[in-house]
Structure formats: C-alpha cells, structure tokens
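Remarks on the structure that follows.
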Number of protein chains: 2
Amino acid sequence: MTAKSPTAQEAVLRELRADIVLGVLAPGSQVVQESLAHRYGVSRVPLREALKILEGEGLVTYHPHRGYFVMELSVDDLTEVYRLRSLLEAEALRAAVSTLTDEDLEQLRGLLGQVEQSSGEGDLESLTIANRAFHFAIFERSAMPRLVRVLQQLWDATDVYRAIYFRSEVNRARIDGEHRHILAALDARDPEAAIAAHEVHRSHSVQVLGTQLAE
Amino acid sequence: MTAKSPTAQEAVLRELRADIVLGVLAPGSQVVQESLAHRYGVSRVPLREALKILEGEGLVTYHPHRGYFVMELSVDDLTEVYRLRSLLEAEALRAAVSTLTDEDLEQLRGLLGQVEQSSGEGDLESLTIANRAFHFAIFERSAMPRLVRVLQQLWDATDVYRAIYFRSEVNRARIDGEHRHILAALDARDPEAAIAAHEVHRSHSVQVLGTQLAE
DNA sequence: CCTAGCAGGATTGGATCCAATCTGTGGCTA
DNA sequence: TAGCCACAGATTGGATCCAATCCTGCTAGG
C-alpha cells in the first residue's frame with residue numbers, strides 16, 4: 001500500500017507511527033491487530049513486531065492477553081520528555097560542537113535550507129522530516145550513538161505534538177529564526193551558545209504545546 | 001523449562017537476557033532463531049518478539065533478512081552508558097530526594113539489607129536482582145516514569161558487565177560501603193550528597209570494568 | 001591464478017491455522 | 001435488587017508451513 005520496503009514490519013512501523021501521530025488511532029484506544037493488519041494489507045505477525053518496537057518507544061502500552069493500547073500523553077509526560085531532552089541534547093551539543101568541520105556546517109546549512117523551504121510552503125509532512133534531519137545531523141556529530149538513540153525515542157514520543165506545533169504559521173516563522181540562532185552558535189563553535197539557543201527553541205514549543213494540550 | 005509466565009515471550013525474554021548477560025551467547029555471534037527457539041522449547045514467533053524488545057534496548061542488533069546479532073559492547077560504549085547514567089540519575093535523584101517519606105527510607109533500608117545479604121553469601125544472581133531493586137526503588141521516587149524507563153534500558157545494556165563486577169569479593173565489599181553512603185545522604189534528604197555518592201559508586205565500577213574490558 | 005557467476009543449502013520473513021485467555025451478557029440465586 | 005456464575009463471541013498468543021532472501025562453495029572463463 002505504501003513505498004516498497006525490504007521488510008513488511010518496517011513499512012507497517014512507519015504507517016503505524018504516522019497513524020498514531022496524526023491521531024487516526026485515538027489515544028487510549030485498543031489496537032485491534034486483525035483489523036489493522038487488514039488495513040495495512042499484511043498479516044498480524046509483522047504488525048506485532050512493529051508494535052513491540054513502538055512499545056519500547058513508549059508510543060503504545062502492552063497488557064498480556066489484552067493487547068496493545070495507544071498511549072495517551074499527558075502534560076506531565078510532555079514536560080518530562082522536554083526536561084530529558086534538555087539534559088541530553090545539551091550533552092550531545094557539548095560533544096558535537098567542538099568537533100564540527102567546515103563540511104559539517106555546510107551540510108547543516110543545506111538541511112536548514114530545506115527546513116525553511118518546507119516551512120515557507122507550509123508542507124508539514126516534509127517540514128517534520130527536514131526539521132528532524134537538521135537537528136539530528138547536529139546530534140550525530142556527538143559520536144555518541146546511544147545518546148542519539150535515546151533522543152530518537154524521545155522525539156518519536158512527541159511527534160504528535162510537533163505536528164500540531166508546526167500547523168501555526170506564527171510558530172513556523174519563529175522556529176526559522178531560532179534555527180538561525182542555533183546555526184550561528186555552531187558557526188562560532190560556541191557550545192554554550194548552542195545549548196542556550198536550543199533551550200530557547202525547546203521552551204517555546206513546550207510552552208505553546210502545554211497550554212494547547214490543556215485545551 | 002522455567003518458572004511459569006503468562007506468556008512465552010516474557011519467559012523467553014528473561015532467558016535470552018540471562019544467556020546474553022552470562023555470555024552463553026557470544027557477543028557478535030548471530031542469533032539463530034530456530035536453534036534458540038528449540039532450546040527454549042517454543043516456536044520462533046515469541047522468540048522474535050523478545051528479540052525486538054532486546055533490539056530496542058540495544059542488547060542485540062538487527063539486519064533485515066540477515067537476522068539478529070548479539071551486541072558486542074566496546075569501552076567507548078561502556079563509558080557512554082555511564083556518562084548518560086550520570087546525567088540522568090542525577091536528575092532522578094534531584095526529583096526524588098526531596099519527596100522521600102520515612103516509609104520510603106524504611107523500605108530502602110530493607111532492600112539494602114537484601115543486597116548485603118546476597119553480597120555476603122556471594123549469590124550473584126540474587127545480588128544482581130537486589131542491587132537493581134534497591135537503586136530503582138530510589139529512582140522511581142522521582143515520579144518521572146519515562147526517565148525510569150530510559151534508565152532501565154541503560155542498566156539492561158550493561159548487565160553483562162555488572163555481573164562481572166560482582167564476581168570479585170573486593171568489589172562487593174566496596175559497593176556495600178558505597179550503598180551506605182547513598183542511604184545516609186538520602187536519610188539527610190541531601191540531594192547533592194546523594195548525587196555525589198552515586199557518582200563515586202559509578203566511577204568505581206566503570207573504572208574497574210573499563211580496565212577489565214581492555215583485557 | 002584470480003574473479004564472476006551460479007547453484008544449493010541455510011536462515012529469515014510472513015501467512016495461516018489452532019489454542020488460550022479475556023470480556024461481556026444473560027440467567028440464576030440469595 | 002444485587003451479586004455471582006456460566007457460556008459465547010471476540011481477541012490475542014503461539015505453532016506450523018511456505019516464500020523470499022542471503023550466504024557458501026563450486027565452477028567456468030578470462
């Protein structure tokens with residue numbers, strides 16, 4: 001049903017994530033394996049393996065003999081994720097900034113260009129992807145693979161909210177400016193400035209999302 | 001073959017973890033599903049689901065159409081894990097120490113008693129369990145479930161080494177003392193002292209393990 | 001002698017089928 | 001009327017079977 005993938009579990013994993021993030025699967029609702037497998041055009045086996053991954057990421061919960069349920073994220077959970085991101089991204093930046101090469105910065109500039117283009121066009125799908133590519137290109141320069149993995153999980157867990165955040169044009173304009181601050185700090189090879197810029201970046205989004213989540 | 005469990009995947013998961021931790025499954029070697037499934041007396045389905053969980057925890061790696069391989073941890077990986085633990089456990093302690101009740105402290109004293117008993121008897125299996133129970137009883141008081149989850153993963157990833165560490169009587173004697181320092185800091189409701197005590201606790205083990213790992 | 005290509009076996013990925021467990025409903029009893 | 005038990009349907013858990021892919025060793029050609 002989607003782009004080809006070496007294995008069905010991967011394809012299902014992507015679709016499942018998208019469906020959870022976009023709210024197609026209501027938070028708190030049970031994941032009925034049969035119907036979902038049918039929806040994705042596969043059997044239950046690869047679906048279950050994908051669910052096990054999502055369980056590890058905290059996007060779904062699992063109760064033996066009762067099944068999987070879409071996680072519902074609370075304000076507390078959101079703030080906890082951002083607190084952890086704050087700690088861990090600071091560490092990644094400390095490790096990354098000092099080792100940045102000129103080629104790295106050139107690459108980051110290119111990625112940022114894609115972010116801004118998607119942002120301008122209002123293409124939320126590609127904006128989400130480009131934004132993530134930009135930030136993780138930085139984090140990966142830390143040469144701390146396990147740290148990057150944990151950060152991936154934390155980002156995955158809040159993709160739902162990021163999509164909401166990007167919907168507003170005001171927010172999109174703001175992140176463009178914040179991204180340029182980040183890049184400037186990286187250009188100057190100033191770790192503390194980069195950490196501070198990220199702090200601002202995150203605190204804005206968690207603030208907006210927190211109030212929006214309280215409805 | 002083991003204690004009963006509501007589902008086979010859970011039982012397999014425990015056995016698999018033990019076999020990896022104890023080195024029965026050599027690091028770097030491929031996990032041949034058929035033979036392992038036979039070994040545990042189940043089919044390949046629950047085994048694969050258990051492997052997906054371990055993949056999420058970083059105990060095994062997965063390559064599509066090639067299978068799962070037991071992760072081999074390098075010194076770099078070990079130090080990275082401990083660096084992350086340092087950051088995250090400090091955060092957990094900051095959140096936990098201030099809210100500790102007298103009952104909590106009583107419970108911790110009980111858990112520590114079990115640790116020391118197992119340590120004295122040289123029962124490594126129950127020592128591993130009791131040690132973990134003690135430390136996570138503290139972390140869980142942070143009321144930050146996601147943080148606890150990440151810490152669980154980090155601990156899981158280095159269980160292999162912890163088992164080695166406990167083997168030496170000298171090390172066991174040392175951790176008993178370190179645990180008492182931790183408990184004293186908690187008794188005093190002094191977060192910074194607790195963080196410092198943990199720092200000492202970790203740095204000893206990472207130091208010993210690091211040299212031992214370099215063989 | 002070295003390399004490309006091609007079987008054959010081994011191993012994983014996925015689908016289908018059956019067993020085990022849970023959930024909800026209705027009837028019975030105190 | 002409230003509570004408990006039994007039964008039926010739904011749903012998950014696990015086993016077996018088949019298809020797709022990968023790896024190994026051999027062979028043929030340069």
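We use all heavy atoms of the structure for the numbers below, so side chains are in, but hydrogens, waters and symmetry mates are not. Here is how names work: the chains are called A, B, and so on, in the same order as the sequence lines, proteins then strands, and each is numbered from 1. Quantities reported herein were computed from a predicted structural model and do not represent experimental measurements.
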Let me know the distance between [atom1] of [X] and [atom2] of [N], rounded to the nearest Å.
X        : N       : atom1 : atom2 : answer
Glu34(A) : dT12(D) : CD    : C1'   : 10 Å
Leu47(A) : dT11(D) : CG    : P     : 14 Å
Glu49(A) : dG14(C) : CD    : P     : 7 Å
Glu10(A) : dT21(D) : CD    : P     : 14 Å
Arg66(A) : dG24(C) : CZ    : P     : 9 Å
Leu36(A) : dT11(D) : CG    : P     : 12 Å
Tyr40(B) : dA15(D) : OH    : P     : 15 Å
Leu51(B) : dG14(D) : CG    : P     : 14 Å

By the 4.0 Å heavy-atom rule, please label [X] as base, sugar-phosphate, or nothing.
X        : answer
Gln30(B) : sugar-phosphate
Val31(A) : sugar-phosphate
Gln9(A)  : sugar-phosphate

Using a strict 4.0 Å threshold on nitrogen-to-oxygen distance, state whether Asp76(A) and Arg146(B) make a salt bridge.
no

Could you check which of dA15(C), dT11(C), dT12(D) has an atom nearest any side-chain atom of Val32(A)?
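Ranking dA15(C), dT11(C), dT12(D) by closest atom to the Val32(A) side chain puts dT12(D) first.
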
Among dG13(D), dT12(C), dG14(C), the one nearest any side-chain atom of Thr7(B) is dG13(D)

Taking N and O atoms by type only, does the side chain of Arg44(A) place a donor or acceptor under 3.5 Å from a partner on the base of dG14(D)?
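Per atom types, no contact qualifies.
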
For Tyr68(B) and His65(A), take the nucleotide of DNA chain C holding the closest heavy atom to each; which residue's nucleotide lies nearer the 5' end?
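Mapping each residue to its closest nucleotide by heavy atoms, the 5'-most match is Tyr68(B).
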
Please tell me if Gln33(B) has a side-chain N or O lying less than 4.0 Å from either OP1 or OP2 of dA10(C).
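For dA10(C), OP1/OP2 do not have a side-chain N/O of Gln33(B) under 4.0 Å.
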
Please determine if a side-chain N or O atom of Tyr62(A) lies less than 4.0 Å away from the OP1 or OP2 oxygen of dG13(D).
yes

Short question: side chain of Thr158(A), backbone of Leu154(A) - any donor-acceptor pair under 3.5 Å?
yes

Does any N or O in the side chain of Tyr161(A) come within less than 3.5 Å of the main-chain N or O of Leu73(A), such that one atom is a donor and the other an acceptor?
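Pair found, side chain donor or acceptor close to backbone of Leu73(A).
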
Under 6.0 Å from the ring centre and within 45 degrees of the ring axis: does the NZ or CZ of Arg162(B) meet both conditions for the six-membered ring of Tyr165(B)?
no

Can the ring centres of His179(B) and His198(B) be said to be less than 6.0 Å apart?
no

